[in-house]
Amino acid sequence: PGMVDADEKEVQPCSNCSGIGYRERTGIFEVLQINDSFRKVLIKSPRLDQLEAIAKAHRHISMRDMGILEVASGTTSLEELQRILKN
């Protein structure tokens, strides 16, 4: 609703996708597995930069990175990913 064409006439959304261009929903999740090295740093000196470094070293995939993969595969758009990540 509210979308207009080049002539400024309102365009009705597609009944299949409700105007978003995609039919189904895809969840993007970030799951952090706590391992021994992560746990040790968390107890000893819980600094965000150290925790991020350990997560990255153990091949953790962030929600942002997972979303970028979904955009690259055509599952979603960059605009939709930006809308989701701004919250």
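Numbering starts at 1 and runs along the sequence shown.
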Study note, to complete from the structure: Sorted by chain and residue number, the side-chain contact (heavy atoms from CB on, under 4.5 Å) partners of I61 (sequence neighbours excluded) come out as D65, M66
Exercise for review: Sequence neighbours left out, what pairs pass salt bridge (Lys or Arg N to Asp or Glu O under 4.0 Å) with at least one residue falling in residues 41-52?
Suggested key: R47-D49
**Study point:** Euclidean distance, I34 CD1 relative to I54 CD1, rounded to 0.5 Å
**Key:** 10.0 Å
Check your understanding: Does any non-hydrogen side-chain atom of K9 lie less than 4.5 Å from one of V4?
Key -> no
Review point. With a 4.5 Å limit on heavy-atom distance, are the side chains of L81 and E70 in contact?
Key: no
Practice item. Keeping to residues at least two apart or across chains, list the salt bridge (Lys or Arg N to Asp or Glu O under 4.0 Å) pairs with something in residues 29-38. Key: D36-R39
Review point. Going by atom types alone, do Q50 and S45 pair a side-chain donor with an acceptor below 3.5 Å?
Key: yes
Practice item. Hey, could you give me the CG/CE distance between L85 and M63, rounded to the nearest 0.5 Å? Key: 5.5 Å
Revision key, fill the gap. Here the gap from N35 atom CG to K40 atom NZ, rounded to the nearest 0.5 Å, amounts to 9.5 Å
Exercise for review: Measure the spacing between NE2 of H60 and CD of Q33 and express it to the nearest 0.5 Å.
Suggested key: 9.5 Å
Exercise for review: With the side chain counted from C-beta on, respond yes when T75 and L69 share a heavy-atom pair under 4.5 Å apart, and no when they do not.
Suggested key: no
Check your understanding: Does D5 use its side chain to pair, donor to acceptor, with the backbone of D7 at less than 3.5 Å?
Key -> yes
Check your understanding: How many angstroms lie between atom CD1 of I28 and atom OG of S62, to the nearest 0.5 angstrom?
Key -> 10.5 Å
Practice item. Find out whether S77 and Q82 are in side-chain contact, i.e. whether some heavy atom of one side chain is under 4.5 Å from a heavy atom of the other. Key: no
Exercise for review: State, with a plain yes or no, whether a side-chain heavy atom of V41 is found less than 4.5 Å away from one of L51.
Suggested key: yes
Review point. Out of curiosity, T76 OG1 to R83 CZ, how far, rounded to the nearest 0.5 Å?
Key: 8.5 Å
